Participant: 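Sending over a structure as structure tokens; questions will come in a sec.
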Amino acid sequence: MKITLNPTTTPFNLDYTLQCGQVFRWEKHGDWWYAIVAKKATKIRQTSNVLEFEGVDASFIEKCFRLHDPLPLILSKISRDAHIRNAIQNFHGLRLVRQDPWECLISYICATYKNIPAIQNMIGNLSRQFGHEITLDNHSLYTFPNPTTLAKANITELTRCKLGFRAKNVHETAKKVDTQTVRLAELETMPYEAAKNELLKLPGVGEKVADCVLLFSLNKLEAFPVDVWIKKTILENYHEYLNIAFVQKALKKKSLTPSEYRQIGSFARGYFGEYAGYAQQYLFHHERSVCQAV
DNA sequence: TTGCCGCCTTTGTA
DNA sequence: ATACAAAGGCGGC
């Protein structure tokens, strides 16, 4: 199947979107990107303004890649200064992806204190160990294990997936989701703060992980995850909008207190507006690309 | 109630 | 090779 995009009203760049570090399970073979989404093996490629795909229908692709988000409007709203305009220009067509909340939750619990290649490894290990295989074009893809499966898994099996100290958090979170102690399915209908408070009840989920899950899977575009890269770029490029003592203190420490974290988040929402999450993704990808080869 | 400290496994990268 | 950083969170004080 194919979708033809109008590049003026619906700019989109598939490679930027899948390479910017928000998703961990899409793999590129030749021109095609492969993954399992919604339990179905799928592949997609982009040739200029045409998206070609198999395995899912057009409405799912539009939802998954947020093609109905009014990107030109969003970009005009977050283009508040030369720094972010530069990031937007460098990655024209980058969009947020709408992920499955459960897979997104486990992915970002695993992302704690890990770099992106290592995260891809951990999530791949979990899927091979606990998911089931689906083959497409001779590529083996694996479904992501459901909450019940990971709740029943023992710590030794999880540790074998190289999760390290995250194995216990993944296991305990899986139990709480499986028993509906935290109802993931209901969070999208809740306001940002309320949904965040629910996520914070899960072990391994702090301010940053909660914001990632809210932004990447629960449609909260005001979520502004502050990781080491975003902390760096905010303190370097936006210090004039922050208290001097606050900036100097934050620069000295590796991790932020919840209070400091929330100060940066509320600055970002005030400065970039309701689409602060999009600003975060452009700033994140830009900062990473100038500091290391991506 | 809040801040700070040290620790948590393992991999990537220089 | 050996060190240091990595899309942080948590319990102790």
Side-chain angles (χ1 to χ4, degrees), chain A residues 16-26 87 91 94 96-97 99 103-126 129 155-173 176 182 196-197 199-218 220 223-235 243 245-246 248-265 268 276-294:
Chain A
Y16 291 157
T17 298
L18 292 179
Q19 283 167 349
C20 71
Q22 56 176 326
V23 293
F24 305 107
R25 295 230 302 146
W26 285 87
F91 301 108
L94 169 64
L96 291 170
V97 170
Q99 302 182 37
E103 179 172 341
C104 186
L105 171 63
I106 297 303
S107 298
Y108 281 92
I109 287 176
C110 290
T112 300
Y113 207 56
K114 277 289 185 185
N115 55 30
I116 289 174
I119 301 164
Q120 291 170 336
N121 263 328
M122 289 187 285
I123 302 302
N125 292 339
L126 272 181
Q129 179 89 19
I155 297 292
T156 310
E157 291 176 305
L158 292 170
T159 305
R160 207 174 296 137
C161 294
K162 307 302 181 184
L163 299 193
F165 63 84
R166 303 161 197 80
K168 186 180 179 189
N169 290 335
V170 167
H171 189 226
E172 297 300 317
T173 288
K176 289 197 174 188
V182 170
K196 187 169 183 176
N197 285 335
L199 288 170
L200 290 174
K201 295 176 181 173
L202 297 167
V205 179
E207 294 283 337
K208 188 269 176 180
V209 173
D211 274 335
C212 286
V213 177
L214 291 163
L215 179 61
F216 300 134
S217 75
L218 293 170
K220 305 302 180 199
F224 192 84
V226 181
D227 74 310
V228 289
W229 299 100
I230 290 295
K231 177 194 165 197
K232 177 173 183 291
T233 199
I234 292 292
L235 295 180
N243 180 284
F246 172 82
Q248 293 183 336
K249 192 166 68 174
L251 280 171
K252 286 185 207 161
K253 342 197 284 186
K254 43 263 157 235
S255 57
L256 301 167
T257 66
S259 164
E260 291 166 335
Y261 182 100
R262 283 175 180 261
Q263 283 186 61
I264 292 181
Y278 262 98
Q280 192 273 2
Q281 202 53 34
Y282 277 91
L283 293 174
F284 173 79
H285 196 37
H286 183 257
E287 188 66 29
R288 250 173 39 91
S289 70
V290 297
C291 289
Q292 62 178 52
V294 179

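The sequence lines fix the lettering, A, B, ..., with proteins before strands; numbering per chain opens at 1. Here the structure is a predicted model, which is why all the values come from computation and not from measurement.
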Participant: How close or far is atom C1' of C:dA7 from atom CD of A:Gln99, stated in whole angstroms?
Facilitator: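 Spelled out: CD on A:Gln99 to C1' on C:dA7 is 12 Å.
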
Participant: Tell me what A:Gln22 touches on the nucleic acid: a base, only sugar-phosphate, or nothing, going by heavy atoms under 4.0 Å.
Facilitator: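 Since a base atom lies under 4.0 Å of A:Gln22, the category is base.
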
Participant: For A:Asn169 and B:dT9, what is the distance between atoms CG and P respectively, to the nearest whole Å?
Facilitator: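 Value for this atom pair: 11 Å.
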
Participant: If you look at every heavy atom in A:Phe224 and A:Asp211, which pair is closest and at what distance?
Facilitator: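 Heavy atoms of A:Phe224 and A:Asp211 come nearest at O-OD2, 3.8 Å.
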
Participant: Stacking between C:dG9 and A:Tyr113, yes or no? Criterion: centroid separation under 5.5 angstrom, plane angle under 30 degrees.
Facilitator: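 A:Tyr113 ring does not meet the centre or angle cut-off for C:dG9; no stack.
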
Participant: Roughly how many Å is it from NE2 in A:His171 to P in C:dG9, rounded to a whole number?
Facilitator: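 So the NE2-P distance, A:His171 to C:dG9, works out to 21 Å.
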
Participant: Rounded to whole angstroms, how far apart are CH2 on A:Trp229 and C1' on C:dG8?
Facilitator: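 It works out to 15 Å between those atoms.
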
Participant: Where each residue is assigned the nucleotide of DNA chain C containing its nearest heavy atom, which of A:Gly21 and A:Val205 is assigned the position nearer the 5′ end?
Facilitator: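 On the 5' side of the pair lies A:Gly21.
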
Participant: Can you tell me how far C1' in C:dC10 sits from the matching atom in B:dT11, rounded to whole Å?
Facilitator: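 Per the computed distance, 22 Å lies between those C1' atoms.
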
Participant: Have a look at A:Gln281 and say if it touches a base, only the backbone sugar-phosphate, or nothing, with a 4.0 Å heavy-atom cut-off.
Facilitator: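 Base: the residue A:Gln281, judged by heavy atoms under 4.0 Å, touches a nucleobase.
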
Participant: Looking across every strand, which nucleic acid part, if any, lies under 4.0 Å from A:Lys208 by heavy atom: base, sugar-phosphate, or nothing?
Facilitator: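 Base, at least one base atom sits under 4.0 Å.
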
Participant: Using whole Å, report how far CZ of A:Phe165 lies from P of B:dC8.
Facilitator: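 So the two atoms are 10 Å apart, to the nearest Å.
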
Participant: Work out how far the P atom of B:dT9 is from that of C:dA1, and round it to whole angstrom.
Facilitator: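 These two P atoms come out 26 Å apart once rounded.
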
Participant: Between C:dA7 and B:dG6, how many Å separate the two P atoms, rounded to a whole number?
Facilitator: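 Here C:dA7 and B:dG6 have their P atoms 24 Å from each other.
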
Participant: Between C:dA7, C:dG9, B:dC4, which nucleotide has the shortest distance from any of its atoms to the side chain of A:Thr257?
Facilitator: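 The answer is B:dC4, which lies nearest to the side chain.
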
Participant: What nucleic acid atoms does A:Pro203 come within less than 4.0 Å of, heavy atoms only: base, sugar-phosphate, or nothing?
Facilitator: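 Sugar-phosphate, backbone atoms only, no base.
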
Participant: Angle class for the A:Phe91/A:His285 ring planes (parallel below 30°, perpendicular above 60°, tilted otherwise)?
Facilitator: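 Ring orientation, 0 to 90° scale: tilted.
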
Participant: Show the nearest heavy-atom pair for residues A:Ile119 and A:Ala111, with the distance to one decimal.
Facilitator: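 Of all heavy-atom pairs spanning A:Ile119 and A:Ala111, the closest is CD1-CB, 3.5 Å.
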
Participant: Is any side-chain nitrogen or oxygen of A:Asn121 closer than 4.0 Å to OP1 or OP2 of B:dG12?
Facilitator: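 A:Asn121 to B:dG12 OP1/OP2: side-chain N or O found under 4.0 Å.
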
Participant: Specify the separation, in whole Å, of atom CD1 of A:Ile116 and atom P of B:dT10.
Facilitator: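 One finds 21 Å between P of B:dT10 and CD1 of A:Ile116, rounded.
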
Participant: Mark yes or no for a side-chain to base donor-acceptor pair under 3.5 Å between A:Lys114 and B:dT10, with no hydrogen or angle criteria applied.
Facilitator: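 Pair found.
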
Participant: My understanding is that a pair needs two contacts under 3.5 Å, Watson-Crick or G-U wobble. By that rule, which nucleotide pairs with B:dT9?
Facilitator: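 Base-paired to nothing in any strand shown.
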
Participant: For A:Thr159 and A:Ser255, find the nucleotide of DNA chain B closest to each by heavy atoms; which residue's nucleotide sits nearer the 5' end?
Facilitator: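 Taking each residue's closest nucleotide, the earlier one in sequence belongs to A:Ser255.
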
Participant: What does A:Tyr261 touch in the nucleic acid at a heavy-atom separation under 4.0 angstrom: a base, only the sugar-phosphate, or nothing?
Facilitator: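 Counting heavy atoms under 4.0 Å across all strands, no contact is made by A:Tyr261.
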
Participant: Let's test your reading of the model: under 3.5 Å, does the base of C:dA7 pair with the side chain of A:Gln280 as donor and acceptor?
Facilitator: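 Pair found.
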
Participant: What's the CG-P distance between A:Leu202 and C:dC10, to the nearest Å?
Facilitator: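 Whole-Å distance recorded here is 10 Å.
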
Participant: Taking all atoms of both residues into account, what is the closest heavy-atom pair of A:Ala250 and A:Leu235, and its distance?
Facilitator: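 Closest heavy-atom pair between A:Ala250 and A:Leu235: CB-CD1, 3.9 Å.
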
Participant: For the aromatic rings, using the six-membered ring if either is Trp, is the centroid distance between A:Tyr108 and A:Phe216 under 6.0 Å?
Facilitator: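 For A:Tyr108 and A:Phe216, the ring centres are under 6.0 Å apart.
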
Participant: Could you state the atom-to-atom distance from CZ of A:Arg166 to C1' of B:dC8 in whole Å?
Facilitator: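 From A:Arg166 CZ to B:dC8 C1': 8 Å.
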
Participant: Check whether any side-chain nitrogen or oxygen of A:Lys253 sits under 4.0 Å from OP1 or OP2 of B:dC4, and answer yes or no.
Facilitator: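 Checking A:Lys253 against B:dC4: at least one side-chain N or O falls below 4.0 Å of OP1 or OP2.
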
Participant: Of all the nucleotides listed (B:dT10, B:dG3, C:dA7), which has the minimum atom distance to the side chain of A:Lys162?
Facilitator: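 The nucleotide sitting nearest to the side chain is B:dT10.
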
Participant: When you measure from the side chain of A:Gln22 to the backbone N and O of A:Val97, does any donor-acceptor pair fall under 3.5 Å?
Facilitator: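 It does hold such a pair.
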
